[in-house]
Amino acid sequence: MSLNKYIKEVDRLEFTVTNSCTGRCRHCSEGRLSGDKKIDKERAVNALKDVASFYDVKSIMTFGGEALIYPDIVCAIHQAAMECNTPIRQLITNGCFSKDNDQIVEVARKLNQSGVNDILLSVDCFHVEKLPLDWVYIFAKALCEKYSGRLRLQPTWVNDESDNNIYNLKTKECLAYFDDLNIEINDGDSVFPSGNAVEYLSEYFEKKPLDMNFSCGDAFYTSRLDDIDELMIDCSGDVLACDFPIGNIMVNNILDIIKGYDPYNNPYTKALLENGIRGMLKEAGNNGIVIDTSDYYTPCGVCRAIIEESRKSVLKTGGIQ
């Protein structure tokens with residue numbers, strides 16, 4: 001039995017714990033976060049338990065903003081995931097959430113106790129502009145002493161690691177700062193052309209004519225909206241399929257949200273599924289939303305712009321139903 005033919009599996013759940021951040025880095029794809037929201041701990045835990053009671057959730061992730069501004073919420077979510085036998089329990093953090101050494105050590109201990117088993121610690125030239133490496137080092141050392149799970153340094157590269165631009169060279173210096181701790185270095189990711197990155201690093205991005213044949217699910221790390229296998233719950237409680245809000249856990253039970261999901265009932269997602277980005281642009285135009293595609297670097301950027309412009313009216317109806 002399936003709850004919904006469009007969501008047969010939920011392999012992964014992600015939680016945006018807060019939109020508050022200690023960094024606000026210039027490479028951030030989110031831009032200038034408002035920094036005034038945190039996820040409701042009890043609702044988030046209940047949502048995880050409900051989904052795990054029906055689906056075989058293979059991994060969860062907590063992040064932000066800076067998730068460890070609220071370590072109690074992070075630990076509660078991971079504790080619930082451990083109790084639900086979710087095998088992969090990840091946290092992404094910049095490591096800068098307190099300047100109190102005792103508190104830093106205690107958080108490292110609690111993360112271990114709550115079942116976090118894969119920590120990605122953001123270290124690169126962009127974070128160091130706002131967050132001193134010695135501050136990050138204190139947390140990294142505490143993790144090495146109090147935490148038994150996997151720990152990796154997570155750099156962000158401009159273009160890719162092999163490009164010897166000034167940012168990547170500085171990032172390699174930042175990573176070397178942790179050499180004595182012998183922490184695994186992850187492959188990392190590349191700066192995505194969105195948010196602050198577009199404003200401050202635009203010279204490293206190439207704008208190409210929009211591929212009008214782009215279809216839903218063509219982008220890396222995405223699924224078609226009629227074949228969803230992962231969901232994200234943001235700090236306001238919105239449940240997101242890709243970037244589309246499909247309901248809110250502060251209003252409805254997440255299983256009811258999943259049951260009611262039909263991407264073909266929303267004109268934008270229906271158009272995207274049936275006719276790709278070309279169809280979505282046409283639907284936006286029919287509703288008075290004019291998007292200049294030359295302003296964006298990727299089809300996903302165009303899609304997000306349309307979502308943002310239509311979001312108020314979508315939220316009035318409780319998301320995609």
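In this structure, P263 and L225 approach most closely via the heavy-atom pair CG-O, 3.4 Å. Taking both residues in full, the closest heavy atoms of C235 and K37 are given as SG-CB, 3.8 Å, listed atom of the first, atom of the second, then distance.
Remark: the backbone N or O of K5 is paired with a side-chain donor or acceptor of K8 at under 3.5 angstrom. Listed for the Y268 side chain is no donor-acceptor partner under 3.5 Å among the backbone atoms of S310. In this structure a side-chain-to-backbone donor-acceptor pair under 3.5 Å is present from N165 to V158. Although no hydrogens or angles enter the test, the distance criterion places no donor-acceptor pair under 3.5 Å between the side chain of N94 and the main chain of S122. Distance alone, capped at 3.5 Å, is enough to place a donor-acceptor pair between the N168 side chain and the D160 backbone. Looking only at distances, no side-chain donor or acceptor of R12 sits under 3.5 Å from a matching main-chain atom of E230. Judged purely by atom type and a 3.5 angstrom limit, S215 has no side-chain atom pairing as donor or acceptor with the backbone of D218. Side chain of N4 to backbone of Y261: a donor-acceptor contact under 3.5 angstrom is found. At least one donor-acceptor pair under 3.5 Å links the side chain of W157 to the backbone N or O of D187. Not one N or O on the side chain of S59 forms a donor-acceptor pair closer than 3.5 Å with the backbone of I88.
Considering only residues two or more places apart in sequence or on other chains, K41 meets the salt bridge (Lys or Arg N to Asp or Glu O under 4.0 Å) condition with D72. With sequence neighbours excluded, no residue forms a salt bridge (Lys or Arg N to Asp or Glu O under 4.0 Å) with D50. Applying the side-chain hydrogen bond (donor to acceptor under 3.5 Å, both in side chains) test to D211 and every residue at least two apart in sequence or in another chain returns nothing. Every residue two or more places apart in sequence or in another chain was checked for a salt bridge (Lys or Arg N to Asp or Glu O under 4.0 Å) with E9, and none qualifies.
For CD of E203, the number of neighbouring non-hydrogen atoms (other residues, nucleotides, ligands) closer than 6.0 Å is greater than 12.
Residue Y297 is tested with F192, F205, Y204 for a ring-ring contact (aromatic ring centres under 6.0 Å, His included); the sole match is F205.
Sorted by first and then second residue, the pairs that involve residues 97-131 and meet ring pair (Phe, Tyr, Trp, His ring centres under 6.0 Å), not counting sequence neighbours, are H27-F126, H27-H127, F97-F139, F126-Y167.
With hydrogens and angles left out, the side-chain atoms of S98 and D100 include no donor and acceptor closer than 3.5 Å. Judged by distance alone, the side chains of E66 and T18 never bring a donor and an acceptor atom under 3.5 Å apart.
Between K141 and E145 there is a salt bridge, with a side-chain nitrogen of the basic residue lying less than 4.0 Å from a carboxylate oxygen of the acidic one.
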With a cut-off of 3.5 Å and sequence neighbours excluded, list every side-chain donor-acceptor pair involving residues 272-284.
{"unit_1": "E274", "atom_1": "OE1", "unit_2": "K270", "atom_2": "NZ", "d": "3.1"}
{"unit_1": "E274", "atom_1": "OE2", "unit_2": "K270", "atom_2": "NZ", "d": "3.3"}
{"unit_1": "E283", "atom_1": "OE2", "unit_2": "N287", "atom_2": "ND2", "d": "2.9"}

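Rounding to the nearest 0.5 Å places CD of Q79 at 12.0 Å from NZ of K110.
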